[in-house]
K.L.:
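I'd like to ask you about the structure that follows.
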Protein chains: 2
Amino acid sequence: MSATRKALDNEAEEPTARQEAVLDAVLSLMVEEGDQLTMNAVARRASCSKETLYKWFGDRDGLLTATVRWQAARVRAGRYDGQNLDVAALRDSLKDFAANWLTVISSPTSIALNRLAIGHAASHKSNLGPIVLANGRFAIGERLRPVLEAGREAGLLDFDDPETAFRTFFGLVGRDVQIRLLLGDTLDMSAAEIERDAVRATDQFLALHGRKPSAPKA
Amino acid sequence: MSATRKALDNEAEEPTARQEAVLDAVLSLMVEEGDQLTMNAVARRASCSKETLYKWFGDRDGLLTATVRWQAARVRAGRYDGQNLDVAALRDSLKDFAANWLTVISSPTSIALNRLAIGHAASHKSNLGPIVLANGRFAIGERLRPVLEAGREAGLLDFDDPETAFRTFFGLVGRDVQIRLLLGDTLDMSAAEIERDAVRATDQFLALHGRKPSAPKA
DNA sequence: CCCGAACCGTAACGTACGGTACGGTTTGTG
DNA sequence: CACAAACCGTACCGTACGTTACGGTTCGGG
């Protein structure tokens, strides 16, 4: 049972601890230096040889892909189960969800990662864009959908299409934050500010899709 | 009166017709090839010499900056004056505004330009990010504000801070469209779809900030 | 007609970087 | 201890591209 198995060409392989350290080095370089993300710099930062990098990840693109996947894997957090269906719990779930999402997209790591993926979407090589999309936008959509549907089942929410409802919530939460951060604007995004934004977005969403529990429909 | 004046190092200079043709070549290359935006390719596409490019724009960064400015200058369109203060006119103004904005951000040119600026925001060289931000997000904010304030003056809208109200509208209109397009997702965004989205966003905004004209406050 | 400025097309230069090769060192195993 | 695999550090190669240089051509003014 060797420590490196086959290499991470295919998506399935889990990186070893050492490989994770390398990927963390890539992330830190990406955040600090932005574009000075050369194979030499990675090898230096990770104290490994370029030969090892190519052995493990195939090429530069494979390294970046593995890095995106590695970061995506650790974002998984937050439990938002759709039980306890009263309006306060629903509001709390939505608010926590919004706050968590704002925290993620305003983190330096997320900003650097999205910039990288967007740059790669310009050239048509590799598919970092779809990966980031699948683990960001679409992942949270999937995670929030049960909450929304549970809210609808409980007569607390009113909407036709869960996807459309989610996109409305997404817009109310994110607004112009992500594009401004990606373009280099400096935004407050302190914990207090995020909390305020999350509450506001949640209130607005409930104002649009909340149903008065006057006729709870048995 | 030479045709080329000094060069476009400083922001003030207006490009000549020939220079505009060069900038259009840059734009078309940006949209078509994405990253194959080399000085050689630009010179070939624009049928000019590289020497001329450097004489006019200083360096590659100057050329890109001039291109961003040139494109920004032509986006100016749409009139949304705040007169005729009835609810139908306000709704129309908001809807046209939303449709126009969605059309802009879903155009290939805008996508390519934002990708370029985001890539440059990663490296700290130049300031394409602020330029795009100033001519995109902030420009429309400034243009919509009078509409919102006129609506408030007329008793049709209710909000505390125009900026916050605008950001809500911005979120309801854009939702996840821009980030998905930037990351390479293929979205419908046909004229019909844009129209639907604009109407929906406007209705939602009015549901949140519209005021029933029951007591028009003399 | 003549001259010079502006410009085109191409060639050439220097560097940065992705990718490869290799010698020396560590590490795990029988 | 011996041996092999993995790995580190560094040097090296080829290419792409930004930038500069130069010869030839067009064009407007005197």
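All chains are named by letter (A, B, ...) in the order of the sequence lines, taking the proteins before the strands, and each is independently numbered beginning at 1.
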K.L.:
What integer distance in Å separates Lys55(B):NZ from dT19(D):C1'?
P.N.:
16 Å
K.L.:
Main chain of Ala99(B), side chain of Thr103(B): is a donor-acceptor contact present, judged purely on distance under 3.5 Å?
P.N.:
yes
K.L.:
For residues Pro162(B) and Glu149(B), report the shortest heavy-atom separation together with the two atoms involved.
P.N.:
CG-OE2, 3.5 Å
K.L.:
For nucleotides 16-20 of chain C, tabulate all protein N/O to nucleotide N/O atom pairs closer than 3.5 Å, reporting atom names and distance.
P.N.:
residue, atom, partner, partner atom, Å
dG18(C), OP1, Arg60(A), NH1, 3.1
dG18(C), OP2, Met39(A), N, 2.9
dG19(C), OP2, Tyr54(A), OH, 3.4
dG19(C), OP2, Arg60(A), N, 2.9
dG19(C), N7, Lys50(A), NZ, 3.1
dG19(C), O6, Lys50(A), NZ, 2.4

K.L.:
Report yes or no: does Asn100(B) contribute a side-chain atom to a donor-acceptor pair with the main-chain N or O of Asp96(B) at less than 3.5 Å?
P.N.:
no
K.L.:
With sequence neighbours left out, write down each residue that passes ring-ring contact (aromatic ring centres under 6.0 Å, His included) with Phe205(A), or none if nothing qualifies.
P.N.:
Phe169(A), His209(A)
K.L.:
Ignoring backbone atoms, establish whether Trp56(B) has a side-chain N or O less than 4.0 Å from OP1 or OP2 of dA6(C).
P.N.:
no
K.L.:
Base, sugar-phosphate, or nothing for Arg18(B), non-hydrogen atoms under 4.0 angstrom?
P.N.:
sugar-phosphate
K.L.:
For Cys48(B) and Leu53(B), work out which heavy atoms get closest and say how close.
P.N.:
SG-CD2, 3.6 Å
K.L.:
Under the rule for side chain to side chain contact (heavy atoms under 4.5 Å, CB included), what residues qualify as partners of Asp160(A), not counting sequence neighbours?
P.N.:
none
K.L.:
Look at Thr52(B) and dC8(C) and indicate whether a side-chain polar atom (N or O) is within less than 4.0 Å of OP1 or OP2.
P.N.:
yes
K.L.:
Scan nucleotides 24-29 of chain D against the protein and return all N/O pairs shorter than 3.5 Å with their distances rounded to 0.1 Å.
P.N.:
none

K.L.:
With sequence neighbours excluded, what pairs up with Asp176(B) under the salt bridge (Lys or Arg N to Asp or Glu O under 4.0 Å) test?
P.N.:
Arg137(A), Arg167(A), Arg180(B)
K.L.:
Which residues pass the side chain to side chain contact (heavy atoms under 4.5 Å, CB included) test with Ala191(B), sequence neighbours left out?
P.N.:
none
